[in-house]
Trainee: 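The structure that follows is given in the form of structure tokens.
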Number of protein chains: 2
Amino acid sequence: MSPTLADIAAASGYSTATVSRALRGDAAVKPETRAAVLKMCAKLGYKPSVGGRILVQGASAFVGLSLGRTDHATARYVSLLHQALSQQLTETGWALRLVGSEDFTSSLSSVGAMIIIGTKNDDPRIQLCREQGLPNVSIGHDSSNTGFSVVPDDGGGARLVARHFARTGRKKMAIMPSWHPEDDGIVRVRAAACLDEGKKLGLHPELLGPVNSLTSTLDGYRSINAARNKISGFDCLFCETDEHAIGARAALVDSGFQVPRDIAVAGFDDLPDLSADLTTVRQDIPRLAATALELVSKARRREPPQQVVLPVELVVRKSG
Amino acid sequence: MSPTLADIAAASGYSTATVSRALRGDAAVKPETRAAVLKMCAKLGYKPSVGGRILVQGASAFVGLSLGRTDHATARYVSLLHQALSQQLTETGWALRLVGSEDFTSSLSSVGAMIIIGTKNDDPRIQLCREQGLPNVSIGHDSSNTGFSVVPDDGGGARLVARHFARTGRKKMAIMPSWHPEDDGIVRVRAAACLDEGKKLGLHPELLGPVNSLTSTLDGYRSINAARNKISGFDCLFCETDEHAIGARAALVDSGFQVPRDIAVAGFDDLPDLSADLTTVRQDIPRLAATALELVSKARRREPPQQVVLPVELVVRKSG
DNA sequence: GTGCAAAATGTAAGCGCTTACATTGATTTT
DNA sequence: AAAATCAATGTAAGCGCTTACATTTTGCAC
């Protein structure tokens, strides 16, 4: 069987209490001690069992993961994030509990903390957590959020794209924003930033009609098809998600355009496999997950709230 | 705080042992007793804590959920299944641990059972579980599988579609199979059964070139577009997934066909929201999840293996 | 009725882990 | 130099739950 806390304690010459504290990140334990304990854990292959009640005795061993109604785990991005969180959480003995939008309220009592994906301004889910005093961390955009949150630098990433287009000699930029009735504004900041930066750089950016979904390649395709007659006026295109960019590129190719010769296409997210040879902005999803979990710890310890913005990175590939 | 086992025991007049047994489904407890206990649990709002070590003391409180490389939680279907499992598992105090295709082997030691999605013949993941003696249940098609498995009645569902087309006076059927290099054969049984039944019914079925993905609406669209000149020879179309059917229908409409007047379109799965007004075959995903979890229990108790096939249901809507 | 196995329940000893409280030794204060 | 403080660790009492084992109840043959 897998070694237990007691095994680690015996092997390293400390008490179970100290080992426990070291693993939980208690400030009372000396750094060298923690290091020794961690080393011994690695050596013996320690894995926490039971989903141990961490930080607060008697509290739930679960972290809830709430998806927005529209995410609904449908997007690759959300699913990757989910997996990263699940994996990293495993190492601490906690467990992730997926919470659907229907049973959010009823789940509050059975989790020790909540991670909320795709928050929007004044998201009612955050309110509910607050009322219950439940530690919560949101991943997504919410300018009004005064709690714990972590977001990728959407605006910065979009500006990188505009600058890249300008640098590579493009003259006229199209921007394809996405829109969904229930998600208003989650991703919109990308289009807005790209628009602004494009103006500054003299790319005369123009918004196309919005795509009626966040993550459907087909909708990206049809949007471009619908705007076919306008397209020849542009030589570069920015889409708010990679799914849209993929659909858009396919539509351009099917309409006889050469990508990137006639028109460069860039997306946002950089999803493994899917984004293949697309020029895009990479989000570091494992890091996003790690940061969210760090914030969960802090929230549980009632430390002061913190809003983190993670850097993103331009990845230039075949499409632009 | 939430009531504990002891609270239930006190309130119902039994010992904690009996209550625990009742909740775990131990055969030693009298049916009336179990009923009384369950009733009291409902009354007091009992929720298991800690992710209690169920059935076998000291065993892991986690059930692993392994996705195939291509599922990668990308498909709506998989994500819905995931959520259903997660929700139902919650009620027993277990937790679901998402296992990526990369770290399957290393996860084996940290879960008490494994649910494997999208298995194919001689799936190596099943082999690995066997070697470790880890209880496992597969969801997916694997004719060679002698362990626990549960699958929807794909063949039966596809035949329902063919019969529906025949009954509504269609004469010539197109079938759009899907294909993915790593998923060979998972869903293929649908096309095969529809082909067979179509022949019997005089629908002169014909296979179109396969769609190079399992769940992309865009690929469905482009496949139909590519076969545009052949399409007018058909008056009904069966697609192996709803995503394909949605893409196909969009392509047909964009090409000037009337759906379902000129050509009827049917898919498979019936995904909430997404499948909206599509004629399709409904899978009962919550039931699939429940069955899988039942099998997990049996597997843990080392009961003899069982292969379950769940019935499906034709849902006729606007597209055909 | 008595006996006896099987069925149903209780008793209590854990499980691996957390944490209130006690202890130790080093550092500072007086 | 004694007293007071503090950082670091140990001690041990739980946490909610499971389960080996003991005990009681039941059903049924004689």
Side-chain angles (χ1 to χ4, degrees), chain A residues 1-37 40-41 44-62 90-95 109-110 112 297 300-301, chain B residues 1-37 40-41 44-62 90-95 109-110 112 297 300-301:
Chain A
M1 268 285 139
S2 191
T4 89
L5 257 205
D7 295 331
I8 305 296
S12 61
Y14 291 100
S15 68
T16 61
T18 301
V19 173
S20 170
R21 282 191 278 251
L23 290 176
R24 298 281 81 77
D26 191 315
V29 45
K30 195 153 65 169
E32 303 97 78
T33 308
R34 192 201 315 284
V37 167
M40 188 54 74
C41 285
L44 301 192
Y46 171 76
K47 298 195 178 166
S49 89
V50 188
R53 288 135 287 169
I54 302 192
L55 291 181
V56 178
Q57 183 161 40
S60 168
F62 293 94
T90 289
E91 286 155 25
T92 70
W94 283 77
S109 59
S110 64
S297 286
R300 299 216 54 170
R301 293 189 212 144
Chain B
M1 267 286 139
S2 188
T4 88
L5 257 204
D7 295 331
I8 305 296
S12 60
Y14 291 99
S15 68
T16 59
T18 301
V19 173
S20 169
R21 281 190 278 253
L23 290 175
R24 297 282 82 75
D26 192 313
V29 46
K30 195 153 65 169
E32 302 98 77
T33 308
R34 190 202 317 282
V37 167
M40 188 54 73
C41 285
L44 300 192
Y46 170 77
K47 297 195 180 168
S49 86
V50 188
R53 289 133 286 169
I54 300 189
L55 291 180
V56 178
Q57 183 161 42
S60 165
F62 293 95
T90 290
E91 286 154 26
T92 69
W94 283 76
S109 60
S110 66
S297 286
R300 299 214 55 169
R301 293 188 212 144

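Labels below follow one simple rule: chain letters A, B, ... track the order of the sequence lines, proteins then strands, and each chain is numbered from 1. Keep in mind that the numbers below use all heavy atoms, side chains included, and drop hydrogens, waters and symmetry copies.
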Trainee: What's the CD1-C1' distance between A/Ile8 and D/dT9, to the nearest Å?
Mentor: 18 Å
Trainee: If I take atom CZ from residue A/Arg34 and atom OG1 from residue A/Thr18, how far apart are they, to the nearest 0.5 angstrom?
Mentor: 11.5 Å
Trainee: Whole-Å distance between D/dT25 P and B/Tyr14 OH?
Mentor: 13 Å
Trainee: Where the side chain of B/Ser15 is defined as all heavy atoms beyond and including C-beta, which of C/dG10, D/dA8, C/dT9 is the nearest nucleotide?
Mentor: C/dG10
Trainee: What is the distance, to the nearest angstrom, from the CG atom on B/Leu5 to the P atom on D/dG14?
Mentor: 19 Å
Trainee: Any side-chain N or O of A/Tyr46 below 4.0 angstrom from OP1/OP2 of C/dG16?
Mentor: no
Trainee: Which atom pair, heavy atoms only, marks the closest approach of B/Leu44 to B/Pro3?
Mentor: O-CG, 3.3 Å
Trainee: About how many Å separate OG of B/Ser12 and CG of B/Asp7, when rounded to the nearest 0.5 Å?
Mentor: 10.5 Å
Trainee: Taking all atoms of both residues into account, what is the closest heavy-atom pair of B/Tyr46 and B/Thr4, and its distance?
Mentor: CE1-C, 3.8 Å
Trainee: Scan A/Thr4 against the nucleic acid and name what it touches under 4.0 Å (heavy atoms): base, sugar-phosphate only, or nothing.
Mentor: sugar-phosphate
Trainee: A/Glu32 has an atom CD; how far is it from atom P of D/dA8, in whole Å?
Mentor: 9 Å
Trainee: Report the distance from atom CG of A/Asp7 to atom P of C/dC17, rounded to the nearest whole Å.
Mentor: 9 Å
Trainee: Can you see if the side chain of A/Thr18 gets near the phosphate of D/dG10 - specifically, an N or O under 4.0 Å from OP1 or OP2?
Mentor: yes
Trainee: Whole Å only: how far is the CG atom of B/Asp26 from the P atom of C/dA6?
Mentor: 18 Å
Trainee: Kindly point out which of C/dT19, C/dT11, D/dT18 is positioned nearest to the side chain of A/Arg21?
Mentor: C/dT19
Trainee: If you measure from SG on B/Cys41 to CG on B/Leu5, what distance do you get to the nearest 0.5 Å?
Mentor: 7.5 Å
Trainee: Output the rounded distance in Å from CG (B/Leu23) to C1' (D/dT18).
Mentor: 12 Å
Trainee: State which of D/dG10, D/dT18, D/dC21 makes the closest approach to the side chain of B/Thr16.
Mentor: D/dT18
Trainee: If you pin B/Ala17 and B/Lys30 to their nearest nucleotides in DNA chain D, which one's is more 5'?
Mentor: B/Ala17
